[in-house]
There are 4 protein chains.
Amino acid sequence: MVDSLSPDDTSRDRRPGRPRDTAIDDAALAAARTLLAEVGWDRTTMVAIAERADVGKPALYRRWPSKTHLIFEAVFGWVPDHVPVAEAQSADDWVERSFDYTLDMFGRPDVRAALPGLLATLRDNPDLQSNLWRQFGSPAVDMLSDTLDNDGATTDSALDAQATMLLIIGSSMLVRLLLRGDAADAVSARLPGILRAR
Amino acid sequence: MVDSLSPDDTSRDRRPGRPRDTAIDDAALAAARTLLAEVGWDRTTMVAIAERADVGKPALYRRWPSKTHLIFEAVFGWVPDHVPVAEAQSADDWVERSFDYTLDMFGRPDVRAALPGLLATLRDNPDLQSNLWRQFGSPAVDMLSDTLDNDGATTDSALDAQATMLLIIGSSMLVRLLLRGDAADAVSARLPGILRAR
Amino acid sequence: MVDSLSPDDTSRDRRPGRPRDTAIDDAALAAARTLLAEVGWDRTTMVAIAERADVGKPALYRRWPSKTHLIFEAVFGWVPDHVPVAEAQSADDWVERSFDYTLDMFGRPDVRAALPGLLATLRDNPDLQSNLWRQFGSPAVDMLSDTLDNDGATTDSALDAQATMLLIIGSSMLVRLLLRGDAADAVSARLPGILRAR
Amino acid sequence: MVDSLSPDDTSRDRRPGRPRDTAIDDAALAAARTLLAEVGWDRTTMVAIAERADVGKPALYRRWPSKTHLIFEAVFGWVPDHVPVAEAQSADDWVERSFDYTLDMFGRPDVRAALPGLLATLRDNPDLQSNLWRQFGSPAVDMLSDTLDNDGATTDSALDAQATMLLIIGSSMLVRLLLRGDAADAVSARLPGILRAR
DNA sequence: ATTTAAGCGAGACGGTACGTCAAGTCTTGCA
DNA sequence: TGCAAGACTTGACGTACCGTCTCGCTTAAAT
């Protein structure tokens, strides 16, 4: 269930010296998620994360090169056991399932709190960008692309699939960022219909 | 061309005391835009804005309660002379024009630099949120809503119009934030087609 | 009773235009004294004085070139109707009366609050220094000098008189600044005796 | 030679974590003294001290709660290797040596620059007041008190000793603050004589 | 009675210090 | 070597005060 995005996670070989305490990783990520949801991005400081996780600040920086990397992994550093998009039967079905999944994700309070900071990072860090794409975007988009090809409804399925994905993600993000409660639900409910009605 | 978002814009009656120098407002906002484009959000500090505008820091804080408010107005605090959406002939036309306008706006370097910070503010400041909506969202959405009513193609035109707007804005934002150069252009070009094909 | 120390008080000739409102002078000085006693030097700001005196800040700066000048006059800008030192019968008597007067003056809460700032000014502003000396120091010292000459007890009466004055003023100042209540009274009571016992 | 006045000097037990760099303390205090002497109180800012000492501002605020506390320790936070008063043979000798020492101290340019601000602090900070007294006043006064007892010349030696001290310190301070060059020297030379002639 | 020079309160202006706080790095002593 | 504690630098933030200035109004003396 946990599939880390951290860059220095590749080496699983035994290194000399005392091994790192893996419990610290989990505690830190959990603390970051909790703080984001509770007090927002600004007050989710490294010291606060360290205190909440009952861990030292250097232990954090030993694992993640910056606060943003930590939070990035805390928020996106796992994939659910079951990605419902994988079972989509048609393009419309794919859209609907993607909205379900995306709206749900951006509705998580920790994700909402982390989003702006993460967008900034994404803009400046191509490595995280491609990480994210590889994990979330690429598989789903490939699948939609195949479906569209089968339907023969488009001239450039890859581009259309990517654009569709951006429409879904972008609108989901905005709904969650700008709207609250009933308003958010009402608009969310219409989104798939508008996009699907092709 | 400049239509301020500042809240104390209503009273034009002479208040006692030395009146504010409106040149400072303009200089500060222009300085903020320039700095955002040139050096990015992080190095667009209040002192830097003050120096660039040849203005004192307190003069800034007299006008805007925080750096974010200043930048918010610098980036969104004006409407162009001519909003092309106003002349849309149909729903499809409206979508196309909106994409043009929105992609253009989010392509501005100062907007790109400011966006993440502004999204964070938007999440926490309902006042700015409603300001933004009143200025950009509301008129355009109302117009689309009317058009949809005429077409008789929807059951709840207001909701659909709002959802459409979110799709347009969200995807434009993401394209500009995540994609560069040719990739951005290629995807941008497909966006209206996907949404319009209803 | 009020003999102003303000520097631009010399010209009593009619200048053209509206004459200054003398009530403002008194109100400002009184406000300064009150604030010094109530909130101390640091929080006795020009704005606070202006507000307390129900007066504009420029009216203050029209009269005094700086905050220090204002406070200086507020605290020392008057001489009592009756300077008891003038009636001293002997050197010992002079010392005793001077201590009485000086301890009393430095015991005033406004004077205590203003002293440090005033010392700084005195150090840097020779004009205020000579003003103060002319008003308080010089007459009294001259008088003691004469008395000492009559007694024939000293080789350089002017110098001795000045030194004596510094001993009196300095010790009075310190007592009031550093000691409180009973301790201050007890020590004060011994001061004249020590100096007089020659 | 350096005997710190800092309040947390009692515990010499090892606290966890990285210990403070004592070189920073010394560098900061030296920088403060130098700046006071060179540019005066007003331009001895915390940033200037930090720069001169090649140290960060937070390192300063970690050690002293305010600028005044820092400067206080810089100016009074040490005792010379050799306090000449300790060897006084008689009350007169004590007075003479005290004047020597005190006039010398208040003649130091850093002390002269810092005095007014420090007096203000002293008035409001009983803790610094007692610190100062414990270090400078108390030992010397006790000694004089003993001498006076031996002479049998007074009814309350403790009070008289304290009063004498105030006379010495107060007059020395004033001389250094108000007089310059020859005038200061001439008056200073007479001070001990006047007080000693008992 | 009109002019006119100045005073007036309100408050903005530039400049600058203060004290706080965050991020990210470095240094202890211990395990 | 990892770890916790807590030092360190850098540098932004927001507040406050000082002394100056500008506005539109009012006042009293001089015409």
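Keep in mind that what you see is a predicted model, and the values were worked out from it rather than measured. Here is how names work: the chains are called A, B, and so on, in the same order as the sequence lines, proteins then strands, and each is numbered from 1.
Listed pair D/Arg62 / F/dC8 meets the phosphate criterion, a side-chain N or O lying under 4.0 Å from OP1 or OP2. Look at C/Arg63 and you'll find a side-chain N or O under 4.0 angstrom from OP1 or OP2 of E/dC8. At E/dG7, one or more side-chain N or O atoms of C/Arg20 fall inside 4.0 Å of OP1 or OP2 (strictly under the cut-off).
Remark: of the listed residues C/Arg33, C/Arg52, C/Arg43, C/Arg52 is the sole one forming a side chain to side chain donor-acceptor pair (under 3.5 Å) with C/Glu38.
Nearest-nucleotide assignment on DNA chain E puts the 5′-proximal partner with C/Gly56, out of D/Thr68 and C/Gly56. A residue-by-residue look at C/Thr44 and A/Pro58 shows that A/Pro58 has its nearest nucleotide of DNA chain F further toward the 5' end. Residue order along DNA chain E, read from the 5' end via each residue's closest nucleotide, puts D/Pro65 first among D/Pro65 and A/Ser66. Both B/Arg43 and C/Arg43 lie close to DNA chain F; mapped to their nearest nucleotides by heavy-atom distance, the more 5′-ward contact belongs to B/Arg43.
Rounding to the nearest 0.5 angstrom, the gap separating the CG atom in C/Leu70 from the OG1 atom in C/Thr44 is 10.5 Å. Atom NZ of B/Lys67 sits about 11.5 Å away from atom CG of B/Leu60, to the nearest 0.5 Å. Atom CG of residue A/Leu115 and atom CG of residue A/Leu36 lie 10.5 Å apart, to the nearest 0.5 angstrom. Here the OG-CZ distance, from D/Ser66 to D/Phe72, works out to 11.0 Å after rounding to the nearest 0.5 Å.
Residue D/Leu70 contributes atom CG, which lies 10 Å from atom P of E/dG19 at whole-angstrom precision. One interatomic measurement links the two molecules: CD1 of C/Ile24 to P of E/dG7, which rounds to 11 Å at whole-angstrom precision. Here E/dA17 presents its P atom at 10 Å from CD of D/Glu51, a figure rounded to the nearest Å. Regarding B/Trp41, its CH2 atom lies at a distance of 14 Å from the P atom of F/dA12, rounded to whole Å. One can place CE of D/Met46 at 16 Å from P of F/dT10, the figure rounded to the nearest angstrom. Rounded to an integer number of Å, the gap from B/Asp42 CG to F/dT10 P is 18 Å. The distance between atom CZ of B/Arg18 and atom P of E/dC13, rounded to the nearest whole Å, is 7 Å. Separating the CG atom of D/Leu60 from the C1' atom of F/dG11 is a distance of 15 Å, rounded to the nearest angstrom.
Taking every side-chain heavy atom of C/Thr45 into account, F/dC18 is the closest of F/dC18, F/dT9, E/dC18. Distances from the side chain of C/Tyr61 to the nucleotides E/dT28, F/dC8, F/dT20 place F/dT20 closest. Of the listed nucleotides (F/dA28, F/dT9, F/dC21), F/dA28 has the atom at the smallest distance from the side chain of C/Pro19.
One can find a donor-acceptor pair under 3.5 Å joining the base of E/dG19 and the side-chain atoms of D/Lys57.
The terminal axes of the helix from E/dA1-F/dT31 to E/dA31-F/dT1, fitted over 5 pairs per end, subtend an angle of 10° to the nearest 10°.
Shown here for C/Ile71 and C/Ala114, the closest heavy-atom pair between the two residues is CG2-CB, 3.9 Å. In this structure, A/Ala50 and A/Gly56 approach most closely via the heavy-atom pair CB-C, 4.1 Å.
Looking at D/Ile24 and D/Arg63, their side chains come closer than 4.5 Å, going by heavy atoms from C-beta outward.
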